[in-house]
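Below is one structure; the comments refer to it alone.
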Number of protein chains: 2
Amino acid sequence: MLDERKSAILRAIVNQYISTAEPVGSTHVAKYDPGVEVSSATIRSEMAQLEREGYLIQPHTSAGRIPSDKGYRYFVDHLSTPGRLGPTQRQEVKEFFSTSHFAIETMLHDTSKLLATLTSQVGVVIGAVPGATTVVGAQLVKLSPKSGVLVFILSSGDVERIEIEIPDGADEILIQETSAYFQKCLVGAKWGSACEKLDEITEPQLEGVIRNCQSALREAQDRSKINPSSNHVFVDGASHITDAFGAVDTVRNILSILEQQYLVVTLLKDILDRGTSVSIGSEHGEARLADCSIVVAPYSKDGEPVGTIGILGPTRMKYSEALATVAIVGNQLTDRLSETN
Amino acid sequence: MLDERKSAILRAIVNQYISTAEPVGSTHVAKYDPGVEVSSATIRSEMAQLEREGYLIQPHTSAGRIPSDKGYRYFVDHLSTPGRLGPTQRQEVKEFFSTSHFAIETMLHDTSKLLATLTSQVGVVIGAVPGATTVVGAQLVKLSPKSGVLVFILSSGDVERIEIEIPDGADEILIQETSAYFQKCLVGAKWGSACEKLDEITEPQLEGVIRNCQSALREAQDRSKINPSSNHVFVDGASHITDAFGAVDTVRNILSILEQQYLVVTLLKDILDRGTSVSIGSEHGEARLADCSIVVAPYSKDGEPVGTIGILGPTRMKYSEALATVAIVGNQLTDRLSETN
DNA sequence: TGTTGGCACTCTGTACAATAGAGTGCTAGA
DNA sequence: TCTAGCACTCTATTGTACAGAGTGCCAACA
């Protein structure tokens, strides 16, 4: 733990650096920060100590100091005052969630856009993974002599769509019967256990088609386990990173991460697993994001956590604002998803 | 039309500039290009003329020339030799389209990734818009006392999912009856005219629910007309633009365009409407893309054009390669989509 | 008449030195 | 324990000189 004065100095440095992006020197802290009432010389010696302890970094001998990841971490954990959204932004969130959004997917996509506009950072939303949801509708239709599509409606309101091959000789009637069989036997089942439900077949004449469907279903479910919610990652506002970083290389690195959706998913998941809501610089162990911080919040439906939202920006971001924004959007999203009950 | 020699010089300059990104001087053309057999002095005077006619630009007095948009245009239309893909890339495309892709959406998304990797540019795929497709399945299920979801399966294999409000007093049985009604009365109808089909209701007791569904359906269809295929734009490889442009501002501009999906859609649509497959720099009338070219190709299903693919890169891109790649991927995609019949 | 070699000219990029400015660490004194 | 002062270090900027690349023009030539 840092003593009172060191804390004040660190806070001053982080705040100033966040707003100016320039290394801050002892004179600036002494002159412009009302929270520190000692001379620049004293601040200098404290700063030297803070650097020795790893909270600050000096880019070169005659420059001011900038916070290290550890410094930001201490700032976030102990020095940052809880932020509040401005009235305009508060209004924006409210309006967003009171307008109708058609499909859940669209809403989540728009939510990432909302996060991006509110914070001027990259907004990320990871979609709800079906799992504990139950099947509320099932239908099989033929599209061509050899192919068809199997559609499941889940209690979450999501629709799962699986392409299947239709065995030779399966006529329209057989398909309809199979469809009815699915509807009868799978509705009410847990989505996760739908596959096993098809093990014991009570209608032998349907066996051929059902086996095809079962294996396609298993394949689809396995795939979504390995690559969880592959098509449920929404990223928006990537252009904002060009505001934070002047070097094209840094921009490239960050973009290349954002393009790999599974990376984004695991990244955010790891942060939540660690039990935190902020991950700073090197903490998330991905070299290309060494200059970035990520702020996340989970969202739930009916008390069950179903997804994650977050923003990604430079380590010198306004953490309290970011945390407040992510928290409020997460809550609103949770409310919105659960209200349908 | 340019005479033989001017053509050769322009071709040499475009080719060299594309591979080096440096303004090319008369000496380089004379020395390294086998297609031009005159002295540098002669080339100089030809270059001066080409500049006067608008094909070349001189960044400053003592620099070489770079092609103007008009220069690139002439190059693409008259000087470029039709390109072929390398064996590795050819193999990559082949493999891609012979592996199974589960949902169409996923396949299109992966196709944008394929385009990006093949060309090292930004890959864009605009999804098929349902329209002339017919309804092959319809189902209505209740999710909560007040809400439900209406699902249509289309002959394209796509699934449309519409959230609806359920009127008070509609019990489970009524919903099931309505669902059956939809199945009976809408299957076989054109997707575009499904709404009208619901005008004359033969089962008065279902009227309340059906009217709700009808208005939700109309709203959803209208929305997708105004903002065609809003959730069917797939962009991948955005990080590649950092390879082409060193200035962060340029990168920002391009990213900000790519983030606005409707802009991307209209942009590509305009190019196709103009009857071309390449749009160079200022031709697409979007200032932020002044340094970019776009190469597009349509793809079809069952002879009907249903969508567009394309790549976006710097004006100094390898046009013949780009054209070849986009063409082959477009064809393969068409084949793949149509084979299911 | 078209082509070419030669030459003066222009502009950029780089290397180098000098200088101003910001900031530090250290020390002696209150 | 704090602070004022000072010597020192490093960066960023400015100015200058110079090499390099490229041009336009002209006179000579085929």
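A note on names: the letters A, B, ... follow the listed sequences, proteins ahead of strands, and every chain is numbered from 1.
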Between C1' of dA22(C) and CD1 of I66(A), the distance in whole Å:
16 Å
Listed once per pair and sorted, the salt bridge (Lys or Arg N to Asp or Glu O under 4.0 Å) pairs that draw on residues 19-40 of chain B, sequence neighbours left out:
none
Pairing donors with acceptors under 3.5 angstrom, does anything connect the side chains of Y32(A) and T27(A)?
no
dT3(D), OP1 or OP2 - any side-chain N/O from T42(A) closer than 4.0 Å?
yes
In short, salt bridge (Lys or Arg N to Asp or Glu O under 4.0 Å) pairs touching residues 50-65 of chain A with sequence neighbours left out are E51(A)-R65(A)
I43(A) CD1 - dG25(C) C1' separation (whole Å):
15 Å
Starting at CD of E37(B) and ending at P of dT4(C), how long is that distance when rounded to a whole Å?
10 Å
Distance in angstrom units between L56(A) CG and dG25(C) C1', rounded:
16 Å
Got a sec, which pairs hit salt bridge (Lys or Arg N to Asp or Glu O under 4.0 Å) with one end in residues 259-271 of chain B, sequence neighbours left out?
K269(B)-D273(B)
Using the test salt bridge (Lys or Arg N to Asp or Glu O under 4.0 Å), find all partners of E283(A) that sit at least two apart in sequence or belong to another chain.
R73(A)
Going 5' to 3' along nucleotides 6-23 of chain D, which nucleotides have protein heavy atoms under 4.0 Å from the base (write B), which only from the sugar-phosphate (write S), and which from neither (write -)?
---BBS---------BSB
Under the side-chain hydrogen bond (donor to acceptor under 3.5 Å, both in side chains) test, residues paired with D249(A) that sit two or more places apart:
R252(A)
Could you check how far CD of E46(A) sits from C1' of dG25(C), rounded to whole Å?
15 Å
Mind calculating the distance between CG (L50(A)) and P (dG25(C)) to the nearest angstrom?
12 Å
